[in-house]
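Everything numeric in this text was worked out from a predicted model, so none of it was measured. Numbering of residues begins at 1 and proceeds along the displayed sequence.
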Amino acid sequence: MAANVPEVAVGPIEAFWRYRHRSVPAVLAVALLAVLANLWSDGDAVAVTAIHLTDPRGVPMFRDGTTAATDLESYASQRAEFATSDIVIRATAEALGAPVEATRRIATAHPTAGARVALECRDRDAALALSVCVALADAYIDASRADTARRAELALASLRLTRQALIDERLARQPDAAPSSGAIEQIEVQIAQTALKAALFDAGVEFVDAPLLADSSMLTSAARAGIAALALGTLAAAGSAWAAAARRPMVDDPDVVAAHLGAPLLGHLPELGTSVEAVADDLATIRPTGVLVVTSDDGTGTADVVAALGDAWAREGRSVVMIDARPGRAELSQRFDTLGAGFADVVAGMASFDETIIRLGRRTSGSALVEPIHVLGSGHPVEHLASLLRAPRTRELLGRLRQTYELVVVDAPPLLDNGEGAVLAGLADGVVVVLSERTALRRLTALRQRLEVLGSPLVGVVTDPNPSPVILRPTVPR
């Protein structure tokens, strides 16, 4: 019965690191694209200036609720919109002799603190950007002055009508009376004050800053865009990885991993040092016989374990043959320099076992070769290897090896990724599974189910393989 495996909660940073092989390239690609896009479309010179506004709240024609701002912040926002209105943009374009839409694309305005309107003009041509800023400020002043005059004229016209109505009323009641009175004089004072304040308010501008180039460097702009994209991309990748980690829980306790598979833990290599010989010595105490298949969940670490097992058992005086059954990877064959004809050629009927087996040995203190080990290399890649492994020739080969050697150790492909590993596990007398330190829960479940279907006896589990090559050299063919 499989153990109840607790899920491991991870944070976004740990999740990002878990999926770093896809997260890091994605983030770098996004940052690179942002830099290239910025260099292509946004490497413009930026000219800036600021229009400092006059407080309109003491000006008579700005007192009515329909045209007056209730505070300077709102007033600055209204004037920023006015600075890029059609009337101002058209006047700017006419002053420069430029198209209206091109001018509109270059010029922007936004309110800033202190009742100011910031003008920003962006174009690849720095001189044009400066010219647009100057012309835009001038057009704003002219249009604002005309707007003030219009408002003042409306206010004055209203006051004059009021004054004339008072005069007409007084003359109608007393035809011989003088046309002036106290009320009329007050209206006349208001007319004079309104005209004066309108003249003083003028365009509502205290002064305008001289336009300056804020940024004429394409590289600076591109660098800012790249840094921003890098930060945002990292956050997005971390969030995506965190969501993926939540969907794919991991198990990082070796004892729980082994219990879930229903087999003993032969070793957790970080606790045993950097050598896999310690795992081989532990497994040797079980003293398995026959065909032992060493497989994994991701294809790594098996060659180290197979080499260590062969060496450990040979030191005990047991007859051992190691088989590299992974023509596509051939790590064991590369380690022992047995890259000629081998296992795949034998099961395909293109070579015999006697022609391909290699005899290896150890030297101790300068003595002659002792404790011979035999290695059958992977051979040349062949098509449909899984089908060949199911053929009678493979069973006959393994049967002969059982009679000849006390132990046959096979470096097999991953059990879940192709049919070859499953076929070899089904033919084995025992299976050792090599797992990474952190294993996805769903892969553990799939491994257990696959072994149950194949009916393969699981001898034990090794976690977190740390390659430590066992170097043996070929001597003479058997």
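- Of the possible donor and acceptor atoms, none in the side chain of T92 sits under 3.5 Å from a partner among the backbone N and O of A139.
- Proximity of V432 to V293: side-chain heavy atoms (C-beta onward) are nowhere separated by under 4.5 Å.
- Of all heavy-atom pairs between F201 and D55, the closest is CE1-O, 4.1 Å.
- Residues satisfying the ring-ring contact (aromatic ring centres under 6.0 Å, His included) test with H110, not counting sequence neighbours, are none.
- Taken to the nearest 0.5 Å, the CZ atom of F343 stands 11.0 Å off from the CG atom of D411.
- In summary, R116 and E206 do not engage in a salt bridge, as defined by a charged side-chain N under 4.0 Å from a carboxylate O.
- With respect to the salt-bridge test (charged N to carboxylate O, under 4.0 angstrom), the residues E452 and R448 qualify.
- Within the 4.5 Å cutoff, no side-chain heavy atoms of V294 are placed close to those of V462.
- Looking at heavy atoms from C-beta onward, L444 lies in side-chain contact with L435 at the 4.5 angstrom threshold.
- Closest non-hydrogen pair, A412 versus L424, comes out as CB-CD1, 3.9 Å.
- Note: L200 CG to T54 OG1 = 10.0 Å, rounded to the nearest 0.5 Å.
- Remark: T162 OG1 to Q186 CD distance equals 12.5 Å, nearest 0.5 Å.
- Every pair passing salt bridge (charged side-chain N to carboxylate O under 4.0 Å, His left out) that includes a residue from residues 80-100 is listed here, sequence neighbours excluded: D86-R104.
- With salt bridges taken as basic N to acidic carboxylate O contacts below 4.0 Å, one links D123 and R105.
- The side-chain heavy atoms of L389 and E420, taken from C-beta on, include a pair separated by under 4.5 Å.
- Across all non-hydrogen atoms, the minimal contact from P457 to A428 is CD-O, 4.3 Å.
- Contact annotation: the side chain of L309 never approaches that of M322 to less than 4.5 Å [non-hydrogen atoms, C-beta and beyond].
- The main-chain N or O of P414 is never found under 3.5 Å from a side-chain atom of S296 such that the two would form a donor-acceptor pair.
- Between the side chain of T295 and the backbone N or O of P413, at least one donor-acceptor pair lies under 3.5 Å.
- One distance of note links CZ of R160 with CD1 of I187; it measures 12.5 Å at 0.5 Å rounding.
- Looking at every heavy atom in both residues, A137 comes nearest to V208 through CB-CG1, 4.1 Å.
- Partners of S85 by side chain to side chain contact (heavy atoms under 4.5 Å, CB included), not counting sequence neighbours, listed by chain and number: F82, I87, V88.
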* Between T49 and I51, is a side chain to side chain contact (heavy atoms under 4.5 Å, CB included) present by the stated rule, with each step listed? -> CA-CA 7 Å; T49 186; I51 299 174; 5.5 Å; no
* What's the verdict on side chain to side chain contact (heavy atoms under 4.5 Å, CB included) for D202 and T148, showing C-alpha distance, side-chain angles and the deciding distance? -> CA-CA 6 Å; D202 193 34; T148 300; over 6 Å; no
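- Shown here for C133 and A47, the closest heavy-atom pair between the two residues is SG-O, 3.3 Å.
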* Between V205 and Y140, does a side chain to side chain contact (heavy atoms under 4.5 Å, CB included) hold up when you go through it step by step? -> CA-CA 10 Å; V205 174; Y140 171 86; 3.7 Å; yes
* To do: Please report the C-alpha distance between S144 and R79 in whole Å, then the side-chain angles of each, then the deciding distance to 0.1 Å, and finally whether the side-chain hydrogen bond (donor to acceptor under 3.5 Å, both in side chains) criterion is met.
  => CA-CA 9 Å; S144 294; R79 302 317 294 170; 2.9 Å; yes
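- Between V132 and the options I106, L119, I89, D125, a side-chain contact (heavy atoms from CB on, under 4.5 Å) holds for only I106.
- A heavy-atom distance below 4.5 Å is found between the side chains of R145 and D142.
- Contact of the R163 side chain with the L159 side chain is not registered, since no non-hydrogen atoms from C-beta on lie closer than 4.5 Å.
- If you take CG on L154 and CZ on R151, they are separated by 9.0 Å, rounding to the nearest 0.5 Å.
- No donor-acceptor pair closer than 3.5 Å links the side chain of S456 to the backbone N or O of L451.
- Looking only at distances, a side-chain donor or acceptor of T194 sits under 3.5 Å from a matching main-chain atom of Q190.
- Here the closest heavy-atom approach between residue A425 and residue L415 is recorded as CB-CD1, 3.7 Å.
- Side-chain contact between R329 and D324 is absent, with no heavy-atom pair separated by less than 4.5 Å.
- Here the straight-line distance linking atom CG of L136 with atom OG1 of T84 works out to 8.0 Å at 0.5 Å rounding.
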